[in-house]
Amino acid sequence: MDTKPLIAITGASSGIGEAVARAFSDAGHPLLLMARRLDRLEALALPRAVLRQVDVRDRAALASAVSDAEAQHGPVDLMFANAGIARLGDIGSQPPEEWDEMIDINTKGVMNSVHAVLKGMIGRRQGTLVMMSSIAGRKVYPDHTVYCGTKFFVHAVSESLRGYLAPHNVRVVVVSPGIVDTEVLDHVNDPRTLENYRTNKAAIGGGISADIVAGLILDAYALPQRAIVQEIVVTPTQQTY
């Protein structure tokens, strides 16, 4: 029998999602891990983990994965809406298809993740939504135009959801990291933007570890349900932009 509640994570195959999966697994939680790369989830080899190949743009697939995991481990107590993509680039020359991809994954995907657990959490008067944003949801950058828009969306939706869910005793936590050592650069196709990002990252001594972000999320979750860390903003010490 599970002694700790189920934790659901989208985008769990790498980066912050993977680090959060490891942190909560080490803390004794069963997991629902979702990502497009099932082989990467399998390679994690975490105990009591339900693995599902899910694209967060597919609302039905998300709901099905949650249903399957809850049948085994009980209700999802935390949904980490983490899956996202950063197609950074010059807005004047960037292909609109890259805008579509970011909007669909970073905004609609987040809402699909919330939808999969929202009614259950309200009914139980228990639960935590952790919404993956970015420092780019608080500041704008010239080569982040649509990406910033998607992360500002996450902030706005989270503020509204927090007010809506507070009377139901459900928490909404926004995570807004600065530069973190993840695979984010793998999604950047604009050579100049990629060069500038790498130069800026090197100038501040590199990014922080995804494990740092994961530890903060675990600590925020561990607070009594009546207490909430509304937003986690964490950056390298030398990152001032």
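All residue numbers in this chain count up from 1 along the given sequence. Quick caveat: nothing in here was measured; it's all calculated off a predicted structure.
Residues Asn106 and Ile85 are in side-chain contact: their nearest non-hydrogen atoms beyond the backbone lie under 4.5 Å apart. Within the 4.5 Å cutoff, the side chain of Leu129 has heavy atoms near those of the Val117 side chain. Residues Leu223 and Ile228 have side chains not in contact (no heavy-atom distance under 4.5 Å, counting atoms from C-beta outward). Side-chain contact check for Trp99 versus Glu97: every heavy-atom pair is 4.5 Å or farther apart. Contact of the Val110 side chain with the Val157 side chain is not registered, since no non-hydrogen atoms from C-beta on lie closer than 4.5 Å. In this structure, Pro47 and Ser25 have side chains that are in contact, with non-hydrogen atoms separated by less than 4.5 Å. Considering only heavy atoms from C-beta on, Tyr197 stays 4.5 Å or farther from Val188 through its side chain.
Note that CG of Leu161 and CG of Leu165 are 5.5 Å apart. Values are rounded to the nearest 0.5 Å. Atom OG1 in Thr145 sits 4.5 Å away from atom CD1 in Ile91 (nearest 0.5 Å). A distance of 8.0 Å separates CG of Leu44 from OG of Ser13, quoted to the nearest 0.5 Å. Here OG of Ser67 is found 10.0 Å from CZ of Arg52. Values are rounded to the nearest 0.5 Å. Separating the CE atom in Met111 from the CE atom in Met131 is a distance of 6.0 Å, to the nearest 0.5 Å. The line from CG of Leu78 to CG of Leu31 is 10.5 Å long, rounded to the nearest 0.5 Å.
The nearest pair of heavy atoms linking Thr182 to Gly15 is CG2-CA, 4.0 Å. Here the closest non-hydrogen pair linking Ser158 and Val174 is CB-CG2, 3.3 Å. Nearest heavy-atom pair across Asn112 and Val56 is ND2-O, 2.8 Å. Smallest separation of non-hydrogen atoms from Phe80 and Gly17: CE2-CA, 4.3 Å. Heavy-atom minimum distance, Gly127 versus Met121: CA-SD, 3.9 Å. For the residue pair Thr193 and Asp90, the shortest heavy atom distance occurs at OG1-N, 3.9 Å.
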Take Arg36 and Arg57, measure what side-chain contact (heavy atoms from CB on, under 4.5 Å) needs, and give me the verdict at the end. CA-CA 11 Å; Arg36 289 184 286 184; Arg57 292 171 288 191; 3.1 Å; yes
For a side-chain contact (heavy atoms from CB on, under 4.5 Å) check, start with the C-alpha distance between Thr10 and Met79, then their side-chain angles and the critical distance, and finish with the verdict. CA-CA 8 Å; Thr10 67; Met79 169 61 81; 4.3 Å; yes
From CA spacing to verdict: side-chain contact (heavy atoms from CB on, under 4.5 Å), Val233, Ile135: CA-CA 7 Å; Val233 182; Ile135 198 74; 3.9 Å; yes
Tell me, with the steps shown, if Glu70 and Leu32 meet side-chain contact (heavy atoms from CB on, under 4.5 Å). CA-CA 9 Å; Glu70 289 189 332; Leu32 167 58; over 6 Å; no
After noting the C-alpha distance and the side-chain angles of Arg37 and Ser14, does the key distance pass the side chain to side chain donor-acceptor pair (under 3.5 Å) rule? CA-CA 9 Å; Arg37 297 177 294 184; Ser14 65; 3.0 Å; yes
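Follow the hydrophobic side-chain contacts under 4.5 Å out from Met34 and you never reach Ile16; the two are in separate clusters. Hydrophobic clustering of Ile, Leu, Val, Met, Phe, Trp and Tyr side chains at less than 4.5 Å, counting indirect connections, keeps Val140 apart from Tyr147. Placement of Val175 and Ile179 in two distinct hydrophobic clusters is found when ILVMFWY residues are connected by side-chain heavy-atom separations under 4.5 Å, directly or transitively. One hydrophobic cluster, built from ILVMFWY side chains closer than 4.5 Å, holds both Ile7 and Leu216. Clustering ILVMFWY residues whenever any of their side-chain heavy atoms sit less than 4.5 angstrom apart, transitively, puts Val154 in a cluster other than the one holding Phe152.
Without hydrogens or angle criteria, Glu18 side chain to Ala12 main chain gives no donor-acceptor distance under 3.5 Å. In this structure a side-chain-to-backbone donor-acceptor pair under 3.5 Å is present from Ser113 to Gly109. The closest donor-acceptor contact from the side chain of Gln230 to the backbone of Val172 lies at 3.5 Å or more, if one exists at all. For the pair Thr199 (side chain) and Glu195 (backbone), a donor-acceptor distance under 3.5 Å is present. Put simply, the side chain of Asp143 never gets that close to the backbone of Gly89: no donor and acceptor are under 3.5 Å apart. Side chain of Thr107 to main chain of Ile103: a donor-acceptor pair is present (N/O by atom type, distance under 3.5 Å, no hydrogens or angles). A donor-acceptor contact shorter than 3.5 Å links the side chain of Lys151 to the backbone of Met132. The closest donor-acceptor contact from the side chain of Arg87 to the backbone of His187 lies under 3.5 Å. Without hydrogens or angle criteria, Gln126 side chain to Asp77 main chain gives no donor-acceptor distance under 3.5 Å. With Arg198 contributing its side chain and Leu194 its backbone, the two residues share no donor-acceptor pair below 3.5 Å.
Using modelled atom types and a 3.5 Å distance limit, the side chains of Glu98 and Asn189 yield a donor-acceptor pair. In this model, no donor atom of one side chain and acceptor atom of the other lie less than 3.5 Å apart for Ser133 and Arg138.
Among residue pairs with one or both ends in residues 160-181, those qualifying as side-chain hydrogen bond (donor to acceptor under 3.5 Å, both in side chains) are Thr128-Arg171, His155-Ser176, Glu159-Arg162, Ser176-Glu231, Asp181-Lys201; sequence neighbours excluded. The list of side-chain hydrogen bond (donor to acceptor under 3.5 Å, both in side chains) pairs with a residue in residues 209-218, not counting sequence neighbours, is empty.
With a 6.0 Å radius and a threshold of 12 heavy atoms from other residues, nucleotides or ligands, Arg40 has its CZ atom above the threshold.
Using bins of under 30°, 30° to 60° and over 60° for the plane-to-plane angle, the ring pair Tyr221/His29 lands in the perpendicular bin.
Note on Arg192 versus Asp190: no salt bridge recorded, every NZ/NE/NH1/NH2 to OD/OE distance being 4.0 Å or above.
Among Leu33, Val213, Leu218, Ile9, the one residue that satisfies the side chain to side chain contact (heavy atoms under 4.5 Å, CB included) test with Val20 is Ile9.
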